[in-house]
Amino acid sequence: METQKGNYTYLTNLRSNDRLVDTFADLITFDTRAEPKSDNSPSSIGQLRLGANILKRINNMGFKGVQNQHGAIIVHVPPTAGCQNVQRLCLLSHLDTACDASGANVNARLVKNLTHDAIELDNGLIIDESICPELCEHKGDDIIITDGTTLLGADDKAGVAVMLHLLETLANENIEHGPLCFAFTVDEEIGRSCNSISLTELDSDFAVTIDGCNIGELDVATFNAKEAVFDIKGLSIHTAVAYKKLVNAAKIASQIVSELPDNESPEQTYGLDGFYHVHEISGSVQSATVRLIVRDFDKDGIERRANFLRSLESRFNEMYGPGCVSLSIYDQYENMAKVLKKNPKILELCREAFAMCDVVVKENYVRGGTDGSHLCAMGLPCPNIFTGALNCHGPYECLPVKSLHKSYEVALQLVKLVALEK
């Protein structure tokens, strides 16, 4: 395997000749990492700062944007003459970045004309086919990378850049279009984005999120998702006199985890398989907590998994006494597939837009969720399209420039196609 290394150029060498990349490069200077333990909305001040910057950009284009009380930006673009009665399209992206890695002081680099099988970052990390199987599809492309110390922020600042560039195009060119809504949400990475907007604010017939990954991705289904929390009460007794008295909450927590099917964890599943994923264990003899997420594409499957967890609650309470173990289960999002099957028009338009931009459609069942999961559940059909971003949520994140441009082309073509549906 040959590795491309060192001597990468700074984005400034491309920015002056590429308005879309220029916009993206500006956006990633804002640290908008979501904070899951915050009760604020948005959860981090950086999202408000980026929102204020975006609002200024939009208003300078001549559009009237509004930042609501949660920090989300909503922009309604009136239809051009003769398109007042076509269906209303909403485009969405999110301002926050994942909490898995730092988004502060992002030092982006540009790999010009990828020629090798792997890319070495400034700090020695290597992006290769084991990390990024899609990299082989992008030989000859310019690739935006990190220096290896932060994430890049293309999830979803690439989508934000596409939407801002599209607004700029609509402001400067005579393009026929129907009623449009552009929504920039907050806290998508911690599952709260649709708490920040309402269907009344969007006022649309269908929507598309611009938040996918590799070029060609069209997300038509997502997981059903729940969060489960086991709270365990122990009884702390001095070990010298603990016989038949002590109840060790930390030990019970480990026993609960050991009861989960090992072959139904994220690292043992793929494709259409669901899973249980323990993401946090904390506590002591006196009390302990086990937090996990539960995922399944099938509605019956997610309920079966929830019932299995309830059976564990019952069994451990029988073993250690009533009230020792308390289980709480919370709905997070639903599979969008059912709603999209009942409302296929937006998918048909997406497929047509892809084809007109010479992009091969790769219909995808997302092993996760999107804003579209929530919006579909709320009654607004909303698939998800690619931005081009790869390896999101960590220092291996990268963004092929051609893919970013194709995302913009598809979004523009989608706007044009909806205007023809008179």
Side-chain angles (χ1 to χ4, degrees), residues 33-41 43-44 96-103 151 187-192 195 223-270 273-298 301-333 367-369 393-395:
R33 180 175 177 174
E35 297 293 343
K37 295 183 179 180
S38 171
D39 293 326
N40 296 328
S41 183
S43 65
S44 58
D96 60 309
T97 57
C99 41
D100 307 70
S102 173
L151 50 68
D187 289 332
E188 189 270 352
E189 296 291 357
I190 54 176
R192 303 179 195 170
N195 298 341
F223 272 141
N224 295 291
K226 294 180 184 291
E227 180 183 22
V229 181
F230 286 95
D231 288 307
I232 304 151
K233 295 178 181 178
L235 179 60
S236 181
I237 299 289
H238 194 290
T239 53
V241 292
Y243 183 70
K244 299 297 185 180
K245 299 176 186 177
L246 183 146
V247 179
N248 190 332
K251 182 179 178 182
I252 295 171
S254 68
Q255 291 173 333
I256 289 173
V257 173
S258 71
E259 289 292 320
L260 299 174
D262 187 55
N263 64 340
E264 296 184 36
S265 60
E267 63 271 27
Q268 297 293 335
T269 55
Y270 66 98
D273 299 330
F275 59 73
Y276 306 89
H277 175 53
V278 178
H279 64 86
E280 183 178 330
I281 304 175
S282 60
S284 61
V285 172
Q286 189 71 28
S287 64
T289 301
V290 177
R291 296 181 180 273
L292 62 154
I293 60 173
V294 186
R295 301 290 188 262
D296 205 292
F297 284 106
D298 184 71
I302 197 76
E303 291 305 323
R304 175 183 61 79
R305 293 176 186 281
N307 288 334
F308 172 72
L309 297 179
R310 294 185 184 106
S311 74
L312 292 182
E313 177 190 29
S314 298
R315 185 161 21 122
F316 278 89
N317 279 329
E318 289 175 5
M319 293 169 60
Y320 294 101
C324 175
V325 175
S326 176
L327 171 66
S328 301
I329 298 178
Y330 307 96
D331 291 330
Q332 292 183 305
Y333 53 83
R367 290 181 61 80
H393 294 198

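Worth knowing before you read on, the calculation uses all heavy atoms, side chains too, and leaves out hydrogens, waters and symmetry mates.
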Distance check, rounded to the nearest 0.5 Å: [X] atom [atom1] versus [Y] atom [atom2]?
{"X": "S236", "Y": "N248", "atom1": "OG", "atom2": "CG", "value": "8.5 Å"}
{"X": "N195", "Y": "D187", "atom1": "CG", "atom2": "CG", "value": "9.0 Å"}
{"X": "S38", "Y": "R192", "atom1": "OG", "atom2": "CZ", "value": "6.5 Å"}
{"X": "L312", "Y": "Q255", "atom1": "CG", "atom2": "CD", "value": "11.5 Å"}
{"X": "E318", "Y": "C324", "atom1": "CD", "atom2": "SG", "value": "12.5 Å"}

Please confirm whether the backbone N or O of [Y] pairs with a side-chain atom of [X], one donor and one acceptor, at under 3.5 Å?
{"X": "D296", "Y": "G274", "answer": "no"}
{"X": "S265", "Y": "D262", "answer": "yes"}
{"X": "D96", "Y": "R33", "answer": "no"}
{"X": "D100", "Y": "G394", "answer": "no"}
{"X": "R291", "Y": "E227", "answer": "no"}

Any donor-acceptor N or O pair under 3.5 Å, side chains N307, R310: yes
Distance-only side-chain donor-acceptor flag, T289 / D231, under 3.5 Å: yes
So which heavy atom on [X] is nearest to which on [Y], and how close?
{"X": "A101", "Y": "L151", "value": "O-CD2, 3.6 Å"}
{"X": "A253", "Y": "A288", "value": "CB-CB, 4.1 Å"}
{"X": "A228", "Y": "L327", "value": "CB-CD1, 4.1 Å"}
{"X": "F308", "Y": "P261", "value": "CE2-CD, 4.0 Å"}
{"X": "Y333", "Y": "G369", "value": "OH-N, 3.1 Å"}
{"X": "I237", "Y": "L246", "value": "O-CD1, 3.3 Å"}

Does any non-hydrogen side-chain atom of [Y] lie less than 4.5 Å from one of [X]?
{"X": "Y320", "Y": "V325", "result": "no"}
{"X": "R305", "Y": "R295", "result": "no"}
{"X": "R315", "Y": "M319", "result": "yes"}
{"X": "I190", "Y": "S43", "result": "yes"}
{"X": "I281", "Y": "V257", "result": "yes"}
{"X": "E280", "Y": "S282", "result": "yes"}
{"X": "L260", "Y": "L309", "result": "yes"}
{"X": "I256", "Y": "I232", "result": "yes"}

Exceeds 12 heavy-atom contacts within 6.0 angstrom, atom NE2 of H238: no
CA sep, side-chain torsions, deciding dist, call: H277, E267, side chain to side chain donor-acceptor pair (under 3.5 Å): CA-CA 9 Å; H277 175 53; E267 63 271 27; 5.2 Å; no
NZ or CZ of R367 within 45° of F223 ring axis and under 6.0 Å: no
Salt bridge present between E303 and K226 (N-O < 4.0 angstrom): yes
From CA spacing to verdict: side-chain contact (heavy atoms from CB on, under 4.5 Å), V290, V278: CA-CA 7 Å; V290 177; V278 178; 4.2 Å; yes
Aromatic ring proximity, centroids under 6.0 angstrom, F230 and F316: no
